[in-house]
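Shown next, in structure tokens, is the structure this report addresses.
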There are 2 protein chains.
Amino acid sequence: MRYAYDVYEDRCPTRLVLDRLADKWALLILDRLEGGPVRFNHLRRDIKLISQKVLSQTLKKLERDGLVTRTVTPTVPVTVEYALTPLGRTLAETAAALTHWAEHNMDAILASQAAYDAARTAQ
Amino acid sequence: MRYAYDVYEDRCPTRLVLDRLADKWALLILDRLEGGPVRFNHLRRDIKLISQKVLSQTLKKLERDGLVTRTVTPTVPVTVEYALTPLGRTLAETAAALTHWAEHNMDAILASQAAYDAARTAQ
DNA sequence: CCGTATCCAGTGGGATACTG
DNA sequence: CAGTATCCCACTGGATACGG
């Protein structure tokens with residue numbers, strides 16, 4: 001066992017974080033919030049192709065995890081701002097390393113995929 | 001637009017990498033392979049709760065992406081070893097930062113979840 | 001030992017419509 | 001503006017059985 005918790009078991013911190021990032025939208029939201037608080041519909045417009053339902057669900061999960069805050073201002077109509085907590089900010093920064101890796105290595109991955117597919121098609 | 005590719009669009013490098021890590025097992029496999037080449041059934045035993053089917057599928061995706069190599073030794077019965085490519089190693093190292101974050105902050109997340117649930121239950 | 005094939009239940013998430 | 005409610009389909013992934 002290389003970790004305090006066994007990464008390869010059912011309940012482990014890596015799985016906990018992975019299951020959060022693995023919902024496909026959370027990292028994008030975290031990243032988008034790094035620039036400061038953002039309103040619901042603003043997020044919706046920025047993160048294209050996300051549905052209202054999924055954005056709502058994901059924000060709720062992130063709030064439950066203590067990664068984002070939800071602030072309601074009782075104007076008419078109401079405005080709601082989402083922002084990173086200090087904890088959320090550290091995760092966003094950590095996750096940004098993945099983003100940078102992805103940008104830097106995407107071409108290599110695409111080339112590998114093409115070669116793999118070509119080899120299988122050629123048979 | 002803050003990136004060479006737009007992270008919030010459909011096809012972008014972050015989504016590409018995220019969709020790979022988001023299959024829930026890839027990161028665990030990458031991490032497990034950092035110690036050197038591992039055989040199929042060894043991975044299966046180490047990464048508990050993964051099914052043979054999903055392990056096989058995930059390894060194939062990782063191979064297609066050029067992140068792992070698959071080496072067959074024609075013994076009887078056949079032995080197959082999986083290993084990280086140099087590219088895969090850089091991703092594994094980058095992803096390890098997430099693992100460390102998770103270990104370090106899991107307690108805070110669990111506490112936040114408990115507080116969130118308690119607040120909603122108390123109503 | 002190292003897989004693939006098949007079947008099947010659970011769920012993630014899109015579309016749409018409605019509310020405070 | 002910021003959601004919730006409902007329907008529903010497609011895909012994920014587990015269980016099981018079989019093949020090289």
Side-chain angles (χ1 to χ4, degrees), chain A residues 8-11 15-29 32-33 36-65 68-83 116 119-120 123, chain B residues 8-11 15-16 18-29 32-33 37-65 68-83 116 119-120 123:
Chain A
Y8 308 103
E9 287 287 355
D10 189 17
R11 297 307 301 171
R15 297 293 299 275
L16 189 89
V17 172
L18 224 55
D19 286 350
R20 182 61 65 251
L21 299 183
D23 62 12
K24 179 181 172 185
W25 297 109
L27 184 49
L28 255 33
I29 294 175
R32 184 63 191 77
L33 289 178
V38 184
R39 302 241 302 273
F40 186 84
N41 277 337
H42 198 165
L43 275 174
R44 183 152 162 55
R45 277 191 304 273
D46 281 358
I47 305 179
K48 300 172 181 70
L49 303 179
I50 193 172
S51 71
Q52 192 173 24
K53 172 186 169 184
V54 172
L55 177 57
S56 176
Q57 285 175 346
T58 307
L59 284 169
K60 213 171 281 185
K61 287 181 194 170
L62 293 174
E63 188 191 0
R64 178 170 181 265
D65 289 345
V68 308
T69 56
R70 179 178 181 275
T71 308
V72 180
T73 308
T75 52
V76 179
V78 71
T79 63
V80 181
E81 278 199 335
Y82 291 91
Y116 183 93
R120 302 213 94 213
Q123 291 173 7
Chain B
Y8 308 104
E9 289 288 353
D10 189 15
R11 296 308 300 171
R15 296 294 296 276
L16 189 89
L18 223 55
D19 287 349
R20 182 64 62 252
L21 298 183
D23 62 13
K24 180 181 172 185
W25 297 108
L27 185 48
L28 254 33
I29 294 175
R32 186 61 191 80
L33 289 178
V38 184
R39 302 242 304 273
F40 185 85
N41 276 339
H42 197 166
L43 275 174
R44 184 152 161 56
R45 278 191 304 272
D46 281 358
I47 304 180
K48 301 174 181 67
L49 303 179
I50 195 171
S51 69
Q52 191 174 25
K53 172 186 170 184
V54 173
L55 177 58
S56 175
Q57 286 175 345
T58 307
L59 284 170
K60 212 171 282 185
K61 288 181 195 172
L62 293 175
E63 188 192 0
R64 177 170 182 264
D65 289 344
V68 308
T69 57
R70 179 177 182 275
T71 309
V72 181
T73 309
T75 51
V76 179
V78 70
T79 62
V80 181
E81 277 198 335
Y82 292 91
Y116 183 95
R120 303 213 92 213
Q123 291 173 7

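Sequence lines set the chain letters: A, B, ... in the order given, protein chains first and strands last, and positions in each chain run from 1.
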Calculate the interatomic distance between [X] atom [atom1] and [N] atom [atom2]; express it in whole Å.
X: B/F40; N: C/dC1; atom1: CZ; atom2: C1'; answer: 10 Å
X: A/R39; N: D/dG3; atom1: CZ; atom2: P; answer: 11 Å
X: A/R45; N: D/dC1; atom1: CZ; atom2: C1'; answer: 10 Å
X: A/L59; N: D/dG3; atom1: CG; atom2: P; answer: 8 Å
X: A/R44; N: D/dA2; atom1: CZ; atom2: C1'; answer: 11 Å
X: B/E81; N: C/dG3; atom1: CD; atom2: C1'; answer: 16 Å
X: A/I50; N: D/dA2; atom1: CD1; atom2: P; answer: 15 Å
X: A/Q52; N: D/dT6; atom1: CD; atom2: C1'; answer: 14 Å

(request) Identify which nucleotide among C/dG3, C/dG14, D/dG3 has an atom closest to any side-chain atom of A/S56, counting heavy atoms from C-beta outward. (result)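 Per side-chain heavy atoms of A/S56, the pick is D/dG3.
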(message) Please pick, from C/dC2, D/dG3, C/dG14, the nucleotide with the shortest atom-to-atom distance to any side-chain atom of B/N41.
(response)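 Looking only at side-chain atoms, B/N41 lies closest to C/dC2.
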(message) Please find the pair of heavy atoms, one from B/P77 and one from B/T75, that lie closest to each other, and give the distance.
(response)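 So the minimum-distance heavy-atom pair works out to O-OG1, 2.8 Å.
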Answer yes or no: does a side-chain N or O of [X] lie under 4.0 Å from OP1 or OP2 of [N]?
X: B/R70; N: C/dG3; answer: yes
X: A/K53; N: C/dT16; answer: no
X: A/Y82; N: D/dC1; answer: no

Does the side chain of [Y] come within less than 4.5 Å of [X]'s, by heavy atoms?
X: B/K61; Y: B/W25; value: no
X: B/R70; Y: B/V68; value: no
X: A/H42; Y: A/R45; value: yes
X: B/I29; Y: B/Y82; value: no

(message) Which is more 5' along DNA chain C, the nucleotide nearest B/P77 or the one nearest B/K60? Just name the residue.
(response)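 The residue whose closest nucleotide sits nearer the 5' end is B/P77.
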